[in-house]
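Hydrogens, waters and symmetry mates play no part in the numbers below; they use all other heavy atoms, side chains included. Numbering of residues begins at 1 and proceeds along the displayed sequence.
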Amino acid sequence: MVHFFAKAILRQGLIYYNDEKPQLAITKLKKVAAEYPRTPESLEAVNTARQIYVDTGNVNEYADWVKTLDYVEVSDADLDNTSYESAEKQYLQNNPKGAITGFSNYVTRFPNGIHSLKANFYLAQLYFADGLENNAIPHYEFVVSKPRSEYTEQSLARLTEIHLKKKIMPKPFPL
């Protein structure tokens, strides 16, 4: 009997998710995870909740919640990837405000994370495009301080452009 209740609540959460009501969906999914732990339904609820948190850009909330579940193993690498995926999704959906928030959260929470190079580069590009060159500088500097990559040349060019515009003597960077 318990199995049917878990399935019913899980389906309600999925319906809310498909109906673009993420908060109601999360409430139902958290209920399944809390009241029916270690069941296939609870694991599906956690996975679906993860996707909703990625879609809405609330991965810090997901990370905090999932750490309270003793039956779900989530590594730092999983959280790193989830956080980056959420920010990148905002970026790819042409939502600069959401992407800036996501990438800022990512580089704060994972300063040397798996995706730190790309996150810093995209964050710098977003700030630069928004006319916030001073905010972009540390992120471009981060990119050029790392071994050469596909982002090095453009980061150096942008830094030079910013420094020339502001008439600031740029820091020397190893090439």
Side-chain angles (χ1 to χ4, degrees), residues 1-130 132 135-136 138-139 142-143 146 149 151:
M1 187 79 147
V2 169
H3 178 70
F4 293 115
F5 289 127
K7 266 194 180 320
I9 298 167
L10 177 63
R11 288 213 173 133
Q12 287 175 330
L14 293 172
I15 289 168
Y16 283 134
Y17 179 41
N18 290 329
D19 236 6
E20 297 184 21
K21 296 176 182 171
Q23 282 312 114
L24 292 172
I26 291 289
T27 301
K28 293 294 182 179
L29 297 170
K30 283 184 172 182
K31 180 178 175 97
V32 172
E35 293 181 11
Y36 307 98
R38 295 176 185 79
T39 62
E41 292 79 15
S42 68
L43 297 175
E44 185 177 344
V46 171
N47 286 332
T48 303
R50 177 195 176 279
Q51 191 56 52
I52 294 170
Y53 282 120
V54 166
D55 290 348
T56 60
N58 293 324
V59 290
N60 289 343
E61 188 178 326
Y62 166 76
D64 294 341
W65 169 65
V66 80
K67 286 179 181 177
T68 67
L69 303 174
D70 64 356
Y71 61 92
V72 177
E73 286 293 321
V74 179
S75 69
D76 286 341
D78 292 333
L79 295 176
D80 181 312
N81 286 323
T82 298
S83 183
Y84 180 79
E85 179 185 340
S86 177
E88 186 179 50
K89 185 170 193 152
Q90 299 299 313
Y91 182 78
L92 295 173
Q93 290 178 340
N94 201 24
N95 177 2
K97 185 177 179 186
I100 286 172
T101 299
F103 286 130
S104 293
N105 287 338
Y106 177 84
V107 299
T108 299
R109 197 162 187 150
F110 304 99
N112 297 305
I114 298 165
H115 309 283
S116 61
L117 185 70
K118 280 178 26 177
N120 274 282
F121 178 74
Y122 289 145
L123 188 53
Q125 292 287 82
L126 288 160
Y127 281 139
F128 186 86
D130 208 18
L132 300 169
N135 292 2
H139 301 288
F142 177 90
V143 172
K146 299 298 179 192
S149 72
Y151 309 109

* Determine whether Lys67 and Leu79 make a side-chain contact, defined as any pair of heavy atoms from C-beta on separated by less than 4.5 Å. => yes
* Structure fact -> Here the salt bridge (Lys or Arg N to Asp or Glu O under 4.0 Å) pairs for residues 37-47, sequence neighbours left out, are Lys7-Glu41, Arg38-Asp70
Under 3.5 Å, side-chain donor or acceptor atoms of residues 8-21 against the rest of the protein: list the pairs with distances, not counting sequence neighbours.
unit_1	atom_1	unit_2	atom_2	d
Gln12	OE1	Lys28	NZ	3.2
Tyr17	OH	Asp55	OD2	2.5
Asn18	ND2	Leu14	O	3.3

* Asked: So, does Thr27 use its side chain to make a donor-acceptor pair with the main chain of Gln23 at under 3.5 Å?
  -> yes
* Structure fact -> Hits for side chain to side chain donor-acceptor pair (under 3.5 Å) against Tyr84, two or more places apart or cross-chain, chain-then-number order -> Glu88
* To do: Starting at CG of Asn105, measure out to OG1 of Thr101 and round the result to the nearest 0.5 Å.
  => 6.5 Å
* Any side-chain donor-acceptor pair under 3.5 Å between Arg50 and Thr82? -> yes
* Structure fact -> Residues at least two apart in sequence or cross-chain that pass side chain to side chain donor-acceptor pair (under 3.5 Å) with Thr56, listed by chain then number, are Asn58
* To do: Applying side chain to side chain donor-acceptor pair (under 3.5 Å), name anything that partners Asn95, two or more places apart in sequence or on another chain.
  => Gln90
* Heavy-atom closest contact (Thr68 atom, Asp64 atom, distance) -> CG2-O, 3.4 Å
Side-chain atoms of residues 119-129: list all donor-acceptor pairs with protein atoms under 3.5 Å, sequence neighbours left out, distances to 0.1 Å.
unit_1	atom_1	unit_2	atom_2	d
Asn120	OD1	His139	ND1	2.7
Asn120	ND2	Ser116	O	2.8
Gln125	OE1	Tyr140	OH	2.3
Gln125	OE1	Arg158	NE	3.4
Tyr127	OH	Ser104	OG	3.4

* **Contact summary for Pro22 and Ile52, nearest pair of heavy atoms** => CB-CG2, 3.7 Å
* Asked: Residues two or more places apart in sequence or in another chain: which of them pass side-chain contact (heavy atoms from CB on, under 4.5 Å) with Asp80?
  -> Tyr106, Phe110, Ile114, His115
* For Gly102 and Ala87, which heavy atoms make the closest approach, and how far apart are they? -> C-CB, 3.4 Å
* Identify, with sequence neighbours excluded, every residue that meets side chain to side chain donor-acceptor pair (under 3.5 Å) alongside Ser75. => Asp78
* To do: Can you run down the ring pair (Phe, Tyr, Trp, His ring centres under 6.0 Å) pairs that involve residues 49-81, sequence neighbours left out, and say none if there aren't any?
  => Tyr53-Tyr62
* Asked: Does the side chain of Ile100 reach to within under 4.5 Å of the side chain of Asn135, using non-hydrogen atoms?
  -> no
